[in-house]
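What follows is a set of notes on a single structure, which appears directly below.
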Amino acid sequence: TDIAVADCSLAIIDCVAPVRATLSKMTDMPLWRPDRSIGLLPVAEGSVTRQALRQHFHMLVNKPVHHRTLLNLLSRLVART
């Protein structure tokens, strides 16, 4: 939830268990700009978890993520502005 008050133009959020638990309880409005954030989620997480988190992120990316992939995703977000 610290990201909600942070002044950032892009965010990469590691969706560890406590973050997933907090976000799954929030269904009305995201804490930050979903169009400017990427969520990192373990590859083993199922589609139910991914669906619940989708409203909070522009994109959910499997962990571990390759550096080049992450750089490409971030550059696309920047180019959209």
Side-chain angles (χ1 to χ4, degrees):
T1 59
D2 292 336
I3 191 89
V5 295
D7 184 23
C8 62
S9 56
L10 294 174
I12 302 171
I13 298 154
D14 189 5
C15 296
V16 293
V19 172
R20 291 193 310 267
T22 299
L23 293 178
S24 68
K25 296 174 188 172
M26 307 174 80
T27 58
D28 54 351
M29 181 174 262
L31 291 174
W32 51 77
R33 291 182 54 192
D35 63 323
R36 306 296 290 165
S37 61
I38 295 173
L40 301 178
L41 197 60
V43 75
E45 284 299 324
S47 60
V48 173
T49 301
R50 291 177 185 281
Q51 193 62 32
L53 294 173
R54 211 165 290 288
Q55 70 173 334
H56 298 284
F57 300 99
H58 171 72
M59 183 178 297
L60 291 169
V61 179
N62 291 334
K63 290 191 316 188
V65 64
H66 295 283
H67 291 93
R68 172 128 351 244
T69 302
L70 189 57
L71 180 60
N72 288 339
L73 294 172
L74 288 172
S75 64
R76 285 186 209 151
L77 282 179
V78 170
R80 291 179 57 204
T81 59

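We use all heavy atoms of the structure for the numbers below, so side chains are in, but hydrogens, waters and symmetry mates are not. For clarity, every value in this text was computed on a predicted model and none was experimentally measured.
Separation of atoms CD1 (Ile38) and CD1 (Ile13) is listed at 9.5 Å; rounding is to 0.5 Å. A distance of 11.5 Å separates CG in Leu23 from OG1 in Thr49, rounded to the nearest 0.5 Å. Here the OG-NE2 distance, from Ser37 to His58, works out to 9.0 Å after rounding to the nearest 0.5 Å. Interatomic distance, Leu10 CG to Asp35 CG, rounded to the nearest 0.5 Å: 9.5 Å. How far CZ of Arg20 is from NE2 of His56: 13.0 Å, rounded to the nearest 0.5 Å.
Of all non-hydrogen atoms in Val19 and Asp14, the two that sit nearest each other are CG2-O, 3.8 Å. Minimum interatomic distance between Cys15 and Pro42 (heavy atoms only, all atoms of both residues): O-CD, 4.2 Å. Nearest heavy atoms, Phe57 versus Gly39: CD2-N, 3.3 Å.
In terms of modelled atom types and a separation under 3.5 Å, the side chain of Thr69 and the main chain of Val65 share no donor-acceptor contact.
Put simply, the side chain of Asn72 reaches to within 4.5 Å of the side chain of Arg68, judged on heavy atoms. By the 4.5 Å heavy-atom criterion applied to side chains, Ile12 and Leu40 are counted as neighbours.
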Exercise. For Leu41 and Asn62, what are the C-alpha separation, side-chain angles and deciding distance, and is it a side-chain contact (heavy atoms from CB on, under 4.5 Å)?
Worked result: CA-CA 5 Å; Leu41 197 60; Asn62 291 334; 5.5 Å; no
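Taking the side chain to side chain contact (heavy atoms under 4.5 Å, CB included) definition, one finds that Leu71 meets it with nothing, sequence neighbours left out.
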